[in-house]
Amino acid sequence: GSAGVEIIRNSLRKDKASAADDMAFLKTAGSTVSCVFLFCDIRQFTDATECLQEEVFVFTNQIAAVVHSFCHAYGGSANKNIGDAFLVSWRLKDDTFENRDHQDQFDGG
């Protein structure tokens, strides 16, 4: 997802002259990213697939459009869709939970 994009981008930017440099880079400390994850799935999806048959893809894509649009509207990223399941995430602005009022912690809010 979007949280991992920075990690991959930074690793590709590193100047590595040899395999030893690659191994040294892999052993460097990582970074912590605080996120909120939401997992949801379509209720009674099996029943819906039996009724809708070939139209099930249209149904699933319509639901995906709604889930993704709400996610993006509130600053989140859709990470994964697997059949009737959706995983979306929101990266927190700072990586601490010191503050009890988390409403302003979201990138989108």
Side-chain angles (χ1 to χ4, degrees):
S2 63
V5 168
E6 287 298 318
I7 296 167
I8 294 169
R9 183 181 301 140
N10 290 337
S11 69
L12 292 174
R13 286 186 185 159
K14 304 290 182 194
D15 293 325
K16 297 180 275 301
S18 68
D21 290 338
D22 285 339
M23 289 305 293
F25 177 73
L26 290 175
K27 292 180 181 178
T28 59
S31 60
T32 301
V33 177
S34 295
C35 297
V36 173
F37 290 94
L38 170 72
F39 175 81
C40 61
D41 66 348
I42 303 170
R43 276 192 189 166
Q44 299 175 334
F45 185 71
T46 304
D47 296 338
T49 60
E50 290 173 7
C51 293
L52 295 171
Q53 296 180 12
E54 66 273 352
E55 296 296 319
V56 72
F57 292 111
V58 173
F59 172 69
T60 305
N61 288 338
Q62 288 174 337
I63 291 174
V66 171
V67 170
H68 288 216
S69 66
F70 274 98
C71 177
H72 291 293
Y74 289 96
S77 298
N79 286 25
K80 219 173 250 216
N81 296 25
I82 302 173
D84 66 334
F86 302 92
L87 177 67
V88 295
S89 65
W90 289 265
R91 185 174 180 171
L92 299 178
K93 284 183 183 178
D94 90 19
D95 294 332
T96 64
F97 281 102
E98 304 279 325
N99 184 1
R100 289 284 179 191
D101 181 20
H102 301 298
Q103 188 170 349
D104 61 343
Q105 296 285 320
F106 294 97
D107 286 336

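Positions are given from 1 along the sequence.
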Peer 1: Only distances under 3.5 Å count here; give the side-chain donor-acceptor pairs of residues 51-73 to other protein atoms, sequence neighbours excluded, each with its distance to 0.1 Å.
Peer 2:
residue	atom	partner	partner atom	Å
Thr60	OG1	Val56	O	2.9
Asn61	ND2	Phe57	O	3.2
His68	NE2	Asn81	OD1	3.2
His68	NE2	Asn81	ND2	3.2
Ser69	OG	Ala65	O	3.1
Ser69	OG	Val66	O	2.9
His72	ND1	Gly76	O	3.4

Peer 1: Please give me the minimum heavy-atom distance between Trp90 and Gly75, naming the atom from each residue.
Peer 2: CD1-C, 3.5 Å
Peer 1: If hydrophobic clusters are built by linking Ile, Leu, Val, Met, Phe, Trp and Tyr wherever their side-chain heavy atoms come under 4.5 Å apart, do Phe86 and Leu38 end up in the same one?
Peer 2: yes
Peer 1: Between atom CD1 of Ile82 and atom CG of Leu87, what is the distance when rounded to the nearest 0.5 Å?
Peer 2: 8.5 Å
Peer 1: Are Ile42 and Val88 linked, directly or through other ILVMFWY residues, by side chains that come within less than 4.5 angstrom of each other?
Peer 2: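 Cluster IDs for Ile42 and Val88 match.
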Peer 1: Output the distance between atom CZ (Phe37) and atom CZ (Arg91), rounded to the nearest 0.5 Å.
Peer 2: 10.5 Å
Peer 1: If you take all heavy atoms of Asn79 and Ser89, which pair is closest and at what distance?
Peer 2: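 For Asn79 and Ser89, the tightest heavy-atom pair comes out as OD1-OG, 3.1 Å.
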